[in-house]
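Here is the naming used below: chain letters follow the sequence lines, and residue numbers restart at 1 for every chain. All values derive from a computational prediction rather than experimental measurement.
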Amino acid sequence: MPVKKFSKSKGVLIAAVIGGVTIVLSLFAGIAAHYLVKNLTLTTASLASPADPQLAAGQPTDVPGEETASALPNPLEPVFAPTLTPWDGASQVSILLLGLDYRDWSARSEYSRSDTMILLTLDPLTHRAGILSIPRDLWVNIPGFKHGKINTAYYLGATYKLPGAGPGLAVKTVEQFLGVPINYCAQIDFSAFVDFIDELGGVKIEIPEAITVDLLGSGAATKKTLRPGVQVLPGEWALAYARARNTRGGDFDRAKRQQQVILAIRNRVLSLNMLPTLITKADVLYQQLAAGIHTNLSLDEAIKLALLASQVPEENITRGVIDESYVLFGRSPDGLSILIPLIDKIHVLRDEIFASSGVLSPMTPGNSLERMLAEQARVSIQNKSRAEGITMQTADYLVGLGINVVDQREVEGPASFTTLIDHSGKPFTTRYLVDQLGLENPRIVMEYDPENPVDLELILGDDWARSGRLP
Amino acid sequence: MRYHQQSDTQPVVVRNKRPLWFVILGSCLGFIFIFLSVLMGGYTGYQSGHQEIARAAVLADFQQLQEQFFLGMQDFNEGNLELARQRFEYILARDPNFPGAADRLVDTLRILYATSTPTAIPPTPTLTPTRDMRPVEELLELAKNYFDLGDWNNVIDTLIALRKENPDFRVVDVDSLLFRSLRNRGIQKIQSESNLEGGIYDLALADRFGPIDEEAKRWRNLARIYMIGLGFWEVYPQQAVYYFGQVAAAAPYLRDASGWTASGRYRESLLHYADQLAREGDWCEAESQYLLALSLGADNRIQATAVYAQLQCSPPTHTPTFTQTITQTPTATTSVTPWLTVIITPTETSTLSPSPSATVSSTAPIPETVTSTLSSTPTPPSSTTPTPSQTPQPSPSPTPSPTSG
C-alpha cells in the first residue's frame, strides 16, 4: 500500500510537471507564434514598398540606381486615387505612361522630368485601343504654375510635393491639355523596363534602317549599331532603341519607335502565349518590378487590363504621335526650344484615338437611315421662307425619305436660314435631316421640352427654298 | 502501475493499462494545447500585425494630409491660390472631416473667384462610383431623374453602369440621353468648371451622336479659341492678343483651370505685346497697346509705362532732355525673365525733369535701368486672382535645363 501511495503521488507529480511544462511550452509557443506571424505580416506588407531600383544582375553598366527618382511612397498605395478619375470598369480606360529623363535618373536626382509621355487607351466594349505620344517640349499651361514644357510638370509636382506628386501634376497637365480623363498612371524606370523585357526573353523588332543606340551607362563602349531587319532585342537593347533620338525625326521618330516597342511587347506576349505564365507568376514579377514601377494600378487591375489588351486585335489599335505636323517650332521666353500646339489638328488626332468608340459612343445599330427610323421622331414642318407652298412639297419629300412628318404649316416669316429645334434629343433624326436637306450651315437649337407634341421642328428658311433640292 | 497479489505474501507488480492511456491522453492534450496556443498566438500576431499596419497607414495618411494642409496654407499665404486649392481639394477627397480644410478651401475659392463672374465654383471631385447592380430599367429611370436634376455626371455614370449590364437595353433612349447629357456637361465644363478642353472633348463625344446645336457650338468655339491663344502665351504675344481678344469680347469671364479669365489673359497679352513692341522700338504701337490694356483696368505702373512710351513715340518739339533723378530699380522684380527688366513707377515719371545732360529721342534704346515689370510679372488684374508670376520657383534649379534623355 505505501508503494501504491508513493506511486500515485509520483504520478500526480509527474503529471503536474508535464502539465506545467506543457503550459509553459504552450505559452512560449503562443508568444513565439504571435511575434513570428506578426513580423511575417509586417515584412510581407513592407515587401510591397518599393525597394531601390537596381539593374538586373550582370548588367555591364555603371548606372547608379540606389534611389528612385519618384516621390511616390508605394506602388500599391492609391496615392492618385483622389486626384485621378476612377475607372468604372465599363467605359474607356486611359493610362498615362511616364518615362523619366535618363540624366536626372542616372544622376540620382531627387526630382526628375518626364522624358516620355504616352497616353494609352483601351475600350473594353469594342475592343479597341489607342496610343498617343506626347512630345516633351510641348508648350502648355501647367496647372498652378506658369506656362512651361510639358515635361516639367512631373518635376514641379514632385518638387512642390503636390498631391499625387510628379505623376499627379503630369496627369493633370495632360488631362487639361487633351481633355481626356486619365484613370491610371504608371511611371516606369529604366531598370524595370529592362527586367521586364528580359523576362519575356526579348522583343522582336523590325528595324527599318541602321541606327546607333546608346546602351545604359557612359562612354564609347555603350554606343552600338543596330542593323536593319527583324531582330529580337534583349531588354537593354530594346530600351536603347526606344531612347534613341539621333535620327532625322529626332524626338518624333523616337516616339514612333517607343510605340513600336510597346506593340512588340504585346505581340511577344501573345505570340508565345505568355500571358497565362505571366499571370501565374504575376505576384512574384510584380514584387520584382515594384521597385521600378510606380503606379496607382493594383495588381488585379494590371492583370485585368493586360487581359483586356490581349483581346484587342492589332488592326484595332490606333496610333498617333503629336509630331511636327501638329506643332509650331518656337522659343520660350527663356530661350528654350518649344513646340507650340496646333490645337485644331490635335483635336482631330485626339478624337480619332479617344472618341471614336466606347461606351460613350452611339450604339444604336444600323446606318443613318436605320438609326433615324429607330428614333421614331415626330417632325413638324413650318415654312418661314419667302417661297410659298414649299411646306407640302418638303413634307412629301421627307416622308419619301422615311421621316415621320406629323404636322406641316405656314408660319410668319421670313427667315433666311433653316432652323431645326430639337425638343427631346433626337440626334440621329437631326443628322439625317441635315444630311438629306444638304444644308451647309444649319441652325440647330436645343429646347428640351418632353411635353411638346413633336420631337423636332423643322423651320424652313430661304436657304432651303433656294437650294433647288426639292424634286 | 498497479500491484496485484501474486501470493499472500508477495505483492506483484502488474501493469495496468490506465497509466499508458493517461500518458497518451495527456500527451495528446498537451500537444493540442500547445497547438492551440500556437494557433492563437499566430492569430493574435496576424491581427496585431495588421492593426499595426493599419495604424501606421492611418498615421502616414494623416501625416501626409497634415503636410498637404501645411503646404496649402503656405501657398494660400503666398498667394499661390491654385496650388492651395489643389491641396485642399485633395485633403477633402481623402478625409472630408479633416479639421480646417473645408474652411480653407472655401476661403481659397472665395478669393480665387472673387471677380464678378457668372461662373460657379467648380464641384469637388466625385468619388469612385460603385458598381450599381440594380436592374437596367431602374438604372434608366435613375438616369432620367438625374437628368431632370441637371446632374450630368451622374446621368453619364449611371448610363455607363447600365451599358455595362446590358449594352442593348433600350439603346435608342440611352443614346438620346447620353447625347443630351454629354452636350450639357460639355457646356457646363466650359462655362462654369474652368475645364475648357474637357468641355470640348465632351462636345466632341456628343457630336458623334448627332450635330450639336448653336449654343454648344458657340461655347466649343470660344473654348477652342482660348486654347489656341494659350499655345501662344508668352511666346507670340501678337497672336495671343488676337485670340484672347476674341474670347474676351464674347465671354470675358470664361476661365481656365489656372484661374485666369479671358479678359485677364487678353490684358496680359496686350502688355506682353506692348513690351515686345517697345523692345523693337515701335513706341507708338506699344503706346496704343498699353493704352488698350489700361482701358481694361487702371494700373499706375502701366500708366507710367504708357506715358514713357508716349514720350518716346512723340517727343516734345523742343527736343527737351530729361534726367532721371530716380534711377534705382524699385521693388517687385525678383523674377528674371527675358522681358524688359524693371520699372517705371509713377514716382519716376513725376521726377522726370528737363536737363541738358541727356536727350531722349524716339529711337533711343531702352535704358537698362528703365524697364518694366509689367510683362515680366503677368499678374492678373486683381490681387485676389492667382498670380502665375508668383509661381514658386523650385530650388536649386528652377528650370530644368533642356537635356536629352
Side-chain angles (χ1 to χ4, degrees), chain A residues 4 7 22 25-26 29-31 33-35 37-38 41-42 45 82-83 86 88 90-91 101-103 113 115 141 143-147 152 155 159 161-163 176 179-180 243 330 333-334 336 340-341 343 351 355 359-364 374-375 425 427-428 430-431 434 443-446, chain B residues 1 3 26 30 33-34 37-38 40-42 44-46 48-50 53 68 71 82-83 86-87 90 93-94 128-129 160 163-164 167 171-172 175-176 178-180 197-198 200-201 204-205 208-211 213-214 227-228 230-231 233-235 257-258 337-338 388 391 394 400 402-403 405:
Chain A
K4 195 176 176 182
S7 299
T22 308
L25 268 178
S26 305
I31 291 169
H34 175 91
Y35 283 105
V37 174
K38 185 178 173 178
T41 311
L42 292 172
T83 54
D88 49 48
S91 53
D101 191 301
Y102 174 66
R103 289 192 190 183
R113 288 152 299 175
D115 202 37
N141 187 34
F145 294 88
K146 291 175 77 174
H147 258 59
T152 55
Y155 174 84
T159 309
K161 295 184 167 60
L162 286 179
Q176 197 187 91
V180 178
R243 285 180 54 230
D334 45 354
L336 299 176
I340 297 163
I343 295 297
D351 293 349
V359 75
L360 293 179
S361 293
M363 294 182 78
T364 303
E375 273 188 337
F428 303 134
T430 306
R431 172 148 291 159
V434 168
R443 287 190 68 245
I444 298 167
V445 179
M446 181 71 87
Chain B
M1 296 259 256
Y3 297 89
F33 194 65
I34 292 172
S37 298
V38 169
M40 257 172 64
T44 55
Y46 178 78
S48 168
H50 271 276
I53 291 166
Q68 285 300 325
L71 292 169
E82 183 53 39
L83 294 185
Q86 283 183 38
R87 296 189 200 278
Y90 168 80
R94 294 279 291 265
T128 313
I160 288 171
R163 286 211 151 152
K164 194 175 173 186
V171 69
V172 177
D175 272 349
S176 167
L178 266 180
F179 166 69
R180 284 176 279 148
E197 202 54 65
I200 295 173
Y201 182 64
L205 290 173
R208 301 266 160 185
F209 292 83
D213 59 289
E214 292 301 305
M227 293 304 292
I228 294 172
L230 268 188
W233 185 252
E234 290 186 319
V235 183
S258 289
T337 72
T391 299
T403 53

Minimum-distance pair of heavy atoms, taken over all atoms of [X] and [Y]:
| X | Y | answer |
| --- | --- | --- |
| B:A257 | A:Q176 | CB-NE2, 2.7 Å |
| A:V37 | B:G42 | CG1-O, 3.3 Å |
| A:R443 | B:E214 | CA-OE2, 3.5 Å |

*Donor-acceptor pair, B:R163 side chain versus A:L360 backbone, under 3.5 Å?*
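Here the side-chain-to-backbone pair does not exist.
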*Is the backbone of A:A29 close enough, under 3.5 Å, to the side chain of B:S37 for a donor and an acceptor to pair up by distance?*
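Such a contact is absent between B:S37 side chain and A:A29 backbone.
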Which atoms of [X] are under 4.5 Å from chain A, going by heavy atoms: the side chain, the backbone, both sets, or neither?
| X | value |
| --- | --- |
| B:F179 | side chain |
| B:L230 | both |
| B:Q68 | side chain |
| B:L71 | side chain |

*With a 4.5 Å cut-off on heavy-atom pairs, point out which of B:H50, B:M40, B:Q86 contacts chain A the most.*
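Highest number of pairs under 4.5 Å: B:Q86.
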*asked:* Can you tell me which of B:S48, B:S176, B:P211, B:G49 forms the most heavy-atom pairs within a distance under 4.5 Å of chain A?
replied: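 Highest number of pairs under 4.5 Å: B:P211.
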Name the region of [X], side chain, backbone, both or neither, that has any atom closer than 4.5 Å to a heavy atom of chain B.
| X | value |
| --- | --- |
| A:I31 | neither |
| A:Y35 | neither |
| A:S361 | backbone |
| A:N141 | side chain |

*Looking at A:P362, A:P143, A:G425, which makes the most heavy-atom pairs under 4.5 Å with chain B?*
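Among A:P362, A:P143, A:G425, the one with the most close pairs to chain B is A:P362.
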_Pairs of heavy atoms under 4.5 Å with chain B: top-ranked of A:T22, A:T364, A:I343, A:V434_ =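 Looking at each option in turn, the highest pair count goes to A:T364.
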*Can A:F428 and B:D175 be said to form a side chain to side chain contact (heavy atoms under 4.5 Å, CB included), step by step?*
CA-CA 9 Å; A:F428 303 134; B:D175 272 349; 3.5 Å; yes
*Calculate, to the nearest 0.5 Å, the distance between atoms CG and CZ belonging to A:D351 and B:R208 respectively.*
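The CZ atom of B:R208 is 5.5 Å from CG of A:D351, to the nearest 0.5 Å.
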*State the OG1-NZ distance between A:T152 and A:K146, to the nearest 0.5 angstrom.*
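With rounding to 0.5 Å, OG1 (A:T152) is 12.0 Å from NZ (A:K146).
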